[in-house]
Each structure stands twice: as structure tokens, then as C-alpha cells.
Q: 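Take this structure first; my questions come after.
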Amino acid sequence: MIDLNADLGEGFGRWTLTDDDALLSVVTSANVACGFHAGDPSVMRRVCGLAAERGVRIGAQVSYRDLAGFGRRAMDVPAEELAAEVAYQIGALRVFAEAAGAAVAYVKPHGALYNRTVHDAGQARAVVAGVRLAGGALPVLGLPGSLLLAAAADAGLTGVPEAFADRAYTPQGTLVSRREPDSVVTDEDAVVRRALAFAVRGSVEAVDGTTVEVAPRSLCVHGDTPNAARIAARVREALETSGVSIGAFA
């Protein structure tokens with residue numbers, strides 16, 4: 001069984017980016033922006049309500065405080081401050097999830113914070129400390145082999161390995177920087193093929209043509225990818241046709 005997740009609620013005021021309605025009809029887990037890279041109270045409330053109606057698990061997508069850079073700029077945040085900001089974001093989303101009759105079921109870092117916690121032990125531990133500060137033993141989504149998943153395990157939390165059907169991989173199993181060309185896979189057929197490779201074979205082809213072993217429990221399709229909802233629907237159909245069960249991990 002594999003979970004399908006997408007980044008949702010990535011709007012702010014009159015600005016919208018993700019097709020939340022369409023994606024919530026396909027995915028099993030919604031990574032909801034908590035206001036630091038995108039999202040505002042109205043957006044969070046609406047997405048939580050829709051997710052609860054459709055039985056989609058609600059996850060807090062926590063970020064560096066970087067609205068202007070969409071959370072994708074490298075930042076140096078002291079560990080104690082970062083832990084507090086992570087807890088703050090989870091708490092904000094929890095209000096709207098509980099108002100919709102649901103709950104925050106897991107946590108996933110976004111953008112620069114996600115990539116930083118792959119190799120930075122201090123930032124990884126700070127994210128986990130923020131999860132613990134917010135209360136509850138919430139699962140944490142992260143890259144397989146990352147220090148974030150190791151820190152989660154050390155703290156008694158469930159670390160959930162995930163893969164990205166629409167991102168290019170290095171031979172080391174990390175994501176190619178968005179500053180590099182072709183770091184995002186936009187060809188729909190290629191995304192579907194990669195999703196099947198992850199789910200069925202537990203591997204993906206890296207940018208140099210080598211095979212990287214990646215065995216995810218959750219598979220992400222970015223909500224801001226062009227035609228994301230259609231791609232996600234095609235991925236789900238292909239997985240189910242191949243005999244892969246789709247279900248939330250949380």
C-alpha cells in the first residue's frame with residue numbers, strides 16, 4: 001500500500017496556486033501550508049474543511065518564515081526559534097482541522113527546510129523538537145536516509161519515507177536543486193512511469209542514468225506543478241491498475 005500526498009493550500013489572500021478542490025479528490029494526504037511559506041487563515045480553514053469531507057488526512061506543511069521566497073530560500077534559524085515556529089504552525093493548523101471534525105495527522109517540512117533537514121542534524125532535531133512541543137506523537141514525512149527521519153526515530157516518532165514522482169534525483173538519492181535545469185519533471189508520462197517505479201520496484205533513475213533505491217511509504221505530486229491534478233489522477237489510476245493499493249499512512 002502507498003499513500004499519495006500533495007502540497008495544498010498554497011495561496012494567500014487573492015493569490016492562489018494549487019487546485020485544492022481537484023487534488024483533494026485524488027490524494028489520500030494533504031500537506032497544508034501553515035502560513036509561513038503560503039496559506040492564510042481562510043485558506044487553511046477551507047482546505048481542512050474539504051479534506052475532512054473527503055476523508056483525506058491533514059498534514060502540517062511547516063516552513064521557514066519566508067512568504068516572499070515561498071519557503072525555498074536557505075535560511076539560518078536558531079534551533080530553539082525554529083522549534084517554536086514549527087510548533088506554532090502545527091498549532092495554527094490544528095485549530096482549523098479540529099473545527100472541521102478532523103485532526104492534524106502528520107508533519108512535513110517544506111522547501112528549503114525539507115532539504116536542509118536531509119543533512120543538517122541541528123535543524124532536523126529542531127523540527128522534531130517543534131513537533132514534540134506541539135503535543136502528540138505525530139509522524140514525520142521525510143526523504144529516505146535523511147537526518148530528519150533519524151531524528152524522528154530518536155525522539156520516538158514515526159518517520160515516513162517519501163518519494164517525489166515529479167522531481168529529479170541525484171545518484172546519492174537526494175533531490176536535484178530547483179536551481180538546476182530539469183529538476184522538476186513536467187512530462188506527464190514520465191511522472192507516471194516514475195511513480196510506478198517507486199511503488200513497484202522501489203527505485204528510480206537518477207539524472208546520470210544510474211538506478212537509485214528508494215522505497216517510499218508515501219508518494220508526492222507537487223500541487224504547484226503544471227496540470228498537477230491531472231497528473232495525480234493519472235498516477236493514481238496507473239498505480240491501481242498495476243495492483244498497488246492506495247491508502248493513507250496516518
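Note that the structure is a prediction, hence the values are computed from the model and not measured. For this chain, numbers begin at 1 and follow the sequence in order.
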Q: With sequence neighbours excluded, tell me which residues meet side-chain contact (heavy atoms from CB on, under 4.5 Å) with Glu81.
A: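 Only Arg65, Val77, Pro78, Glu85 meet the side-chain contact (heavy atoms from CB on, under 4.5 Å) criterion with Glu81.
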Q: Is there a side-chain contact between Thr186 and Asp166 in this structure, where contact means two heavy atoms from C-beta onward sitting under 4.5 Å apart?
A: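 A side-chain contact is absent here, since even the closest heavy-atom pair is not under 4.5 Å.
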Q: Not counting sequence neighbours, list each pair that qualifies as a side-chain hydrogen bond (donor to acceptor under 3.5 Å, both in side chains) and has a residue in residues 27-36.
A: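 Pairs touching residues 27-36 that pass the test: Asp3-Thr28, Asp3-Ser29, Asn5-Asn31, Asp7-Asn31, Asn31-Tyr106.
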Q: Taking side-chain contact (heavy atoms from CB on, under 4.5 Å) as the criterion, tell me which of Val131, Leu157, Thr158 meets it with Leu138.
A: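 Testing Leu138 for a side-chain contact (heavy atoms from CB on, under 4.5 Å) against Val131, Leu157, Thr158 leaves exactly one candidate, Val131.
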Q: Shortest non-hydrogen contact from Ala100 to Gly49?
A: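 Smallest interatomic distance, heavy atoms only, reads CB-CA, 3.9 Å.
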Q: Applying ring pair (Phe, Tyr, Trp, His ring centres under 6.0 Å) as the test, list every pair that has at least one member in residues 176-220; sequence neighbours left out.
A: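 Qualifying pairs, neighbours excluded: Tyr169-Phe198.
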Q: Scan residues 20-43 for pairs that pass salt bridge (Lys or Arg N to Asp or Glu O under 4.0 Å), counting only residues two or more places apart or in two chains.
A: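 For residues 20-43, and leaving out neighbouring residues, the salt bridge (Lys or Arg N to Asp or Glu O under 4.0 Å) pairs sorted by first residue read Asp21-Arg46.
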Q: Looking at Leu143, is its backbone amide N or carbonyl O close enough to the side chain of Tyr114 to form a donor-acceptor pair, meaning the two atoms are under 3.5 Å apart?
A: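 Yes; judged by distance alone, with no hydrogens or angles, the pair exists.
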Q: Specify the closest pair of heavy atoms between Val185 and Ala168, including all atoms of both residues, with the distance to one decimal.
A: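 Smallest heavy-atom distance, with atoms named: CG2-N, 4.1 Å.
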Q: So, using ring pair (Phe, Tyr, Trp, His ring centres under 6.0 Å) as the criterion, who are the partners of Phe96 when residues are at least two apart?
A: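 Once residues adjacent in sequence are excluded, Phe96 has no partner under the ring pair (Phe, Tyr, Trp, His ring centres under 6.0 Å) criterion.
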Q: Of all the heavy-atom pairs spanning Ala232 and Val26, show the shortest one and how long it is.
A: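 That closest heavy-atom pairing would be O-CG1, 3.4 Å.
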Q: Not counting sequence neighbours, list each pair that qualifies as a salt bridge (Lys or Arg N to Asp or Glu O under 4.0 Å) and has a residue in residues 66-75.
A: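 Those involving residues 66-75 are Asp66-Arg73, Arg72-Asp224.
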Q: Examine Val86 and Val104 and state if one hydrophobic cluster contains both, with Ile, Leu, Val, Met, Phe, Trp and Tyr joined whenever side-chain heavy atoms are less than 4.5 Å apart.
A: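 Yes; Val104 is reachable from Val86 via cluster members.
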Q: Linking I/L/V/M/F/W/Y whenever their side-chain heavy atoms sit closer than 4.5 Å, directly or via other members, would Val107 and Leu8 fall into one cluster?
A: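 Yes, same cluster.
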Q: Following the transitive rule for hydrophobic clusters with a side-chain heavy-atom cut-off under 4.5 Å over Ile, Leu, Val, Met, Phe, Trp and Tyr, establish whether Val191 and Ile246 coincide in one cluster.
A: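 In one cluster with Val191: Ile246, yes.
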Q: Mark yes or no for whether Arg194, through its side chain, and Arg167, through its backbone, hold a donor-acceptor pair below 3.5 Å.
A: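 A pair under 3.5 Å: yes.
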Q: List the residues meeting ring pair (Phe, Tyr, Trp, His ring centres under 6.0 Å) with Phe12, not counting sequence neighbours, and say none if there are none.
A: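 Partners of Phe12 under the ring pair (Phe, Tyr, Trp, His ring centres under 6.0 Å) test: none.
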Q: What heavy-atom pair brings Ala137 and Arg132 nearest, and what distance separates the two atoms?
A: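 Looks like CB-NH1, 4.1 Å.
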Q: Might you confirm whether atom CZ of Arg45 has over 12 heavy atoms from other residues, nucleotides or ligands at distances under 6.0 Å?
A: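 Atom CZ in Arg45 is not packed in, count stays at 12 or less.
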Q: To the nearest 0.5 Å, how far apart are CG in Leu23 and CG in Leu50?
A: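 Going from the CG atom of Leu23 to the CG atom of Leu50 covers 11.5 Å.
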Q: Less than 4.5 Å apart, any side-chain heavy atom of Val128 and any of Asp154?
A: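 With C-beta onward as the side chain, the pair stays apart.
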Q: Work out which heavy atom in Leu24 is nearest to a heavy atom in Ala30; give both atom names and the distance.
A: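 So the minimum-distance heavy-atom pair works out to CD2-CB, 4.0 Å.
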Q: Is the backbone of Glu10 close enough, under 3.5 Å, to the side chain of His37 for a donor and an acceptor to pair up by distance?
A: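 Such a contact is absent between His37 side chain and Glu10 backbone.
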Q: For Leu175, run the side-chain contact (heavy atoms from CB on, under 4.5 Å) check against Asn115, Val184, Val118 and tell me which one passes.
A: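 Only one of Asn115, Val184, Val118 forms a side-chain contact (heavy atoms from CB on, under 4.5 Å) with Leu175, namely Asn115.
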Q: Can you pull the salt bridge (Lys or Arg N to Asp or Glu O under 4.0 Å) pairs that have at least one residue in residues 231-250, sequence neighbours excluded?
A: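 Listed once each, the pairs are Glu188-Arg234, Asp189-Arg234, Arg236-Glu240.
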Q: Would Val27 and Arg54 satisfy side chain to side chain contact (heavy atoms under 4.5 Å, CB included), going step by step from the backbone distance to the final call?
A: CA-CA 10 Å; Val27 300; Arg54 300 177 189 183; over 6 Å; no
Q: According to the ring pair (Phe, Tyr, Trp, His ring centres under 6.0 Å) rule, which pairs have a member within residues 201-247, sequence neighbours left out?
A: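 Passing the test, one end in residues 201-247: Phe164-His222.
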Q: For a side chain to side chain contact (heavy atoms under 4.5 Å, CB included) check, start with the C-alpha distance between Val140 and Val160, then their side-chain angles and the critical distance, and finish with the verdict.
A: CA-CA 6 Å; Val140 178; Val160 182; over 6 Å; no
Q: About how many Å separate NZ of Lys108 and OG of Ser218, when rounded to the nearest 0.5 Å?
A: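 Between Ser218 OG and Lys108 NZ, I get 7.0 Å after rounding to 0.5 Å.
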Q: How far does CD1 of Ile2 sit from OG of Ser245, to the nearest 0.5 angstrom?
A: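 If I round to the nearest 0.5 Å, the distance is 11.0 Å.
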Q: List the steps, then state whether side chain to side chain contact (heavy atoms under 4.5 Å, CB included) holds for Asp120 with Leu147.
A: CA-CA 7 Å; Asp120 188 317; Leu147 294 183; 5.8 Å; no
Q: So, Arg125 side chain and Ala79 main chain: donor-acceptor pair closer than 3.5 Å or not?
A: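 No, because the side chain of Arg125 does not come within donor-acceptor range (under 3.5 Å) of the backbone of Ala79.
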Q: According to a 4.5 Å side-chain heavy-atom criterion applied to Ile, Leu, Val, Met, Phe, Trp and Tyr, with indirect links allowed, do Ile231 and Leu239 form part of one hydrophobic cluster?
A: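 Hydrophobic grouping puts Ile231 with Leu239.
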Q: Roughly how far apart are Met44 CE and Ile58 CD1, rounded to 0.5 Å?
A: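 One gets 12.0 Å once the value is rounded to the nearest 0.5 Å.
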Q: Rounded to the nearest 0.5 Å, what's the gap from CD on Glu213 to CZ on Arg201? Could you check?
A: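 Rounded to the nearest 0.5 Å, the CD-CZ separation comes to 10.0 Å.
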Q: Locate the shortest heavy-atom distance separating Val212 from Pro171; write the atom from each residue and the value.
A: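 In terms of heavy atoms, the two residues are closest at CG2-O, 3.7 Å.
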Q: Are the side chain of Gln89 and the backbone of Ser63 linked by a donor-acceptor contact shorter than 3.5 Å?
A: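 The answer is yes, because a donor-acceptor pair under 3.5 Å joins these two groups.
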Q: In chain order, what residues pass the ring pair (Phe, Tyr, Trp, His ring centres under 6.0 Å) check against Tyr64, with sequence neighbours excluded?
A: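 Scan of Tyr64 (ring pair (Phe, Tyr, Trp, His ring centres under 6.0 Å), adjacent residues dropped) gives none.
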Q: Does the side chain of Val62 come within less than 4.5 Å of Ile90's, by heavy atoms?
A: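 The answer is yes, as the side chains (C-beta and beyond) meet within the 4.5 Å cut-off.
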Q: Can you tell me which residue pairs pass the ring pair (Phe, Tyr, Trp, His ring centres under 6.0 Å) test with a partner in residues 115-158, sequence neighbours excluded?
A: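 Every candidate ring pair (Phe, Tyr, Trp, His ring centres under 6.0 Å) pair involving residues 115-158 fails, so no pair, neighbours aside, qualifies.
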Q: Could you list the donor-acceptor pairs under 3.5 angstrom formed between side-chain atoms of residues 176-183 and any protein atom two or more places apart in sequence or on another chain?
A:
{"unit_1": "Ser177", "atom_1": "OG", "unit_2": "Arg179", "atom_2": "N", "d": "3.1"}
{"unit_1": "Ser183", "atom_1": "OG", "unit_2": "Glu180", "atom_2": "O", "d": "3.3"}

Q: Is it the case that over 12 heavy atoms from other parts of the model lie below 6.0 angstrom from the OH atom of Tyr88?
A: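 Incorrect, the count does not exceed 12.
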Q: What's the spacing between Phe36 CZ and Leu113 CG if we round to 0.5 Å?
A: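 So the gap between those two atoms works out to 11.0 Å.
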Q: Heavy-atom distance under 4.5 Å between the side chains of Leu4 and Val221, does that happen here?
A: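 No - every pair of side-chain heavy atoms lies 4.5 Å or more apart.
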Q: Does Val43 share a hydrophobic cluster with Trp15, counting links as ILVMFWY side-chain heavy atoms below 4.5 Å and allowing steps through other members?
A: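 No, it is not one cluster - the side chains of Val43 and Trp15 are not joined through contacts under 4.5 Å.
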Q: More than 12 non-hydrogen atoms from neighbouring residues, nucleotides or ligands closer than 6.0 Å to CG on Asp76, yes or no?
A: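 Atom CG in Asp76 is not crowded, with 12 or fewer foreign heavy atoms closer than 6.0 Å.
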